[in-house]
K.L.:
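Below is one structure. I have some questions about it.
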Amino acid sequence: MLRKDKSRSSYREFGDDDEGEGHTQSPDLFDDSPEDLEEGEEPNGRISPEDDISESSPARRFSKTCLKNVFTVALIFIYLLLTAVAAFLVYQTISDFLDKLNHPVMSVTYKEVESFSPPGIALYPGRAQLLSCRHHYHDDIPSLVNPGEPQQGDCVINNVTYFGPFTNQTEKRALVVRGPSDVRNKELIFMQFSHNETKEDFSAITYMLFAKFSDLTDSLNQSEFMRDCEKNYSMWTFSGGFRTWVKMSLVRTSGKSNDAMEFRQESTVVKFNDKRPESEQSNQLFFAVFEWRDPFMQEIRLIVTANPWNSVAILCGVFMAFFKAANFAKLAIQWINKMRKRHLRNKARELNQIG
């Protein structure tokens, strides 16, 4: 019994000592509300053993806080850099899309045909006279008989008179010849002109090619049709005293609004050996041969390579990066403010303990 009472009295004395020590502490240390308590603090205001150890070494705590702040600032800088790169990527994507939209690329294909539609060959002889116009095959052009004299021909020719599209007061006379069509058998047209004008230093005959001779014959106003052709097609010439061999190729261009047909040509010139008497050589002769170059029609299509869905996908990814960076910056700022408040609260607690 004595031993039990002694143990009880000694326990009571130990508890009284603890209570006395608790009353001697300053009440200002426990004025934090429960929601302001940080991790590691107990509800009654006491500090956990870990914080007690950390408070015993303020230099270590300051170095950790400084390191965390530096690391956070570095992360913010990296995210700002990534945001700038994302903004440049947005600008570059939109610029590339607009550039591809305004500058389509050309897709060139070759289509093989058995025969072409007979083209229209418009010649502007001026004062020159058409002597002959004949169809031949397999590049077989017979020797000239009585050059400079009119000969029988087998070409289909239309005479059209109209006013030029650029000089309305100038009247033009065009001889429109139905061109060759059988490309497999190398059909060609051989024409011969003569010009008796000796006052000119140079003499040439201008000609023009358009896609279909039937477009002229089917036209209600042939003069207006020739005006439009001269406005849209190129003009070429062949000179006197030579045989000009013109090999034609047809190009079809499919644009954004409509399709266009144009001719490309390869021409070679051979000198004519004039064996006429000198008295007849004042009458200058012109020779022209028109033939298809090959059975391939060149088709050019304008293709827009800009893919809107591809650009939209890139922009969506960039905007997601924007939102991610903004969210991280927000969380980083909140964390910095939280660390600053905690530092100020610990500093105030230390000052209260000293006081």
Side-chain angles (χ1 to χ4, degrees), residues 118-164 167 170-182 185-210 213 216 222-223 226 229-230 233-248 263 265-293:
I121 305 173
L123 301 115
Y124 301 88
R127 296 184 181 181
Q129 179 186 3
L130 178 62
L131 299 179
S132 65
C133 178
R134 295 188 60 84
H135 287 258
H136 300 280
Y137 292 89
H138 301 289
D139 299 338
D140 184 16
I141 300 177
S143 301
L144 294 176
V145 178
N146 298 324
E149 298 292 332
Q151 300 176 10
Q152 186 178 3
D154 56 2
C155 296
V156 179
I157 301 175
N158 280 19
N159 287 276
V160 182
T161 303
Y162 66 97
F163 290 96
T167 55
T170 304
E171 186 178 27
K172 293 188 174 183
R173 181 178 68 91
L175 297 177
V176 185
V177 180
R178 186 177 183 269
S181 61
D182 191 353
N185 294 320
K186 294 187 177 181
E187 181 186 4
L188 58 86
I189 289 179
F190 177 71
M191 288 182 284
Q192 181 182 177
F193 292 85
S194 66
H195 190 202
N196 198 20
E197 183 65 45
T198 58
K199 295 181 180 179
E200 297 178 358
D201 295 333
F202 303 95
S203 56
I205 293 177
T206 304
Y207 67 95
M208 176 181 63
L209 304 173
F210 58 90
F213 180 79
L216 174 66
Q222 296 186 359
S223 298
M226 290 303 300
C229 286
E230 185 175 346
Y233 289 94
S234 301
M235 307 287 287
W236 292 282
T237 58
F238 58 90
S239 302
F242 298 92
R243 186 186 72 179
T244 305
W245 198 301
V246 179
K247 292 190 177 183
M248 307 173 293
F263 281 88
Q265 65 170 12
E266 297 177 1
S267 59
T268 56
V269 178
V270 180
K271 186 179 182 301
F272 169 61
N273 296 321
D274 197 350
K275 300 178 181 179
R276 296 176 299 168
E278 293 185 2
S279 59
E280 298 179 4
Q281 290 184 7
S282 59
N283 188 9
Q284 194 172 18
L285 299 180
F286 300 77
F287 305 95
V289 180
F290 291 90
E291 181 187 6
W292 288 104
R293 185 172 66 90

K.L.:
Taking the side chain as every heavy atom from C-beta outward, state whether Pro142 and His136 have any pair of such atoms under 4.5 Å apart.
P.N.:
yes
K.L.:
Any non-hydrogen side-chain atom of Val269 less than 4.5 Å from a side-chain atom of Ser239?
P.N.:
no
K.L.:
Would you check if Leu175 and Asn159 make a side-chain contact, meaning some heavy-atom pair closer than 4.5 Å?
P.N.:
yes
K.L.:
Atom CH2 of Trp245 and atom CZ of Phe238: how far apart are they, to the nearest 0.5 Å?
P.N.:
14.5 Å
K.L.:
Taking only residues two or more places apart in sequence or in another chain, which ones pass side-chain contact (heavy atoms from CB on, under 4.5 Å) with Arg178?
P.N.:
Pro118, Val156, Phe213
K.L.:
Stepwise, does the side chain to side chain contact (heavy atoms under 4.5 Å, CB included) test hold for Val160 with Ser223?
P.N.:
CA-CA 6 Å; Val160 182; Ser223 298; 4.3 Å; yes
K.L.:
Any side-chain heavy-atom pair from Leu123 and Phe286 closer than 4.5 angstrom?
P.N.:
no
K.L.:
Could you check Phe242, Phe193, Phe287 and say which one makes a ring-ring contact (aromatic ring centres under 6.0 Å, His included) with Phe272?
P.N.:
Phe287
K.L.:
To the nearest 0.5 Å, how far apart are CD1 in Ile121 and CE in Met208?
P.N.:
11.5 Å
K.L.:
Taking Thr244 for its side chain and Ala288 for its backbone only, find out whether a donor-acceptor pair lies under 3.5 Å.
P.N.:
no
K.L.:
Under the rule for side chain to side chain donor-acceptor pair (under 3.5 Å), what residues qualify as partners of Gln265, not counting sequence neighbours?
P.N.:
Tyr207
K.L.:
Are the side chains of Pro180 and Leu188 in contact, using a 4.5 Å heavy-atom criterion?
P.N.:
no
K.L.:
Whether the side chain of Arg173 engages the backbone of Gly126 through a donor-acceptor N/O pair (distance < 3.5 Å, no angle test) should be reported.
P.N.:
yes
K.L.:
Would you compute the distance between atom OG of Ser132 and atom CG of Leu144 and round it to the nearest 0.5 angstrom?
P.N.:
8.0 Å
K.L.:
Can you check whether Leu131's main-chain N or O pairs, donor with acceptor, with Gln151's side chain at less than 3.5 Å?
P.N.:
no
K.L.:
Answer yes or no: is there a donor N or O on one side and an acceptor on the other, between the side chain of Arg276 and the main chain of Asn283, under 3.5 Å?
P.N.:
yes
K.L.:
To check you understand the geometry: which heavy-atom pair defines the closest contact between Leu285 and Ser194, and what is its length?
P.N.:
CD2-CB, 3.8 Å
K.L.:
As an exercise, state the distance from CZ of Phe290 to NE2 of His135, rounded to the nearest 0.5 Å.
P.N.:
12.5 Å
K.L.:
When you compare the side chain of Trp236 with that of Val246, does any pair of heavy atoms fall below 4.5 Å?
P.N.:
no
K.L.:
Taking atom NZ of Lys271 and atom CZ of Arg243, what is their separation to the nearest 0.5 Å?
P.N.:
13.5 Å
K.L.:
Got a sec, which residues hit side-chain contact (heavy atoms from CB on, under 4.5 Å) with Asp182, two or more places apart in sequence or on another chain?
P.N.:
Tyr137, Arg184, Asn185, Glu187
K.L.:
Ignoring hydrogens, what is the shortest heavy-atom contact between Leu130 and Gln192? Give both atom names and the distance.
P.N.:
CD1-O, 3.5 Å
K.L.:
Asp140 versus Lys186: any side-chain heavy-atom pair under 4.5 Å?
P.N.:
no
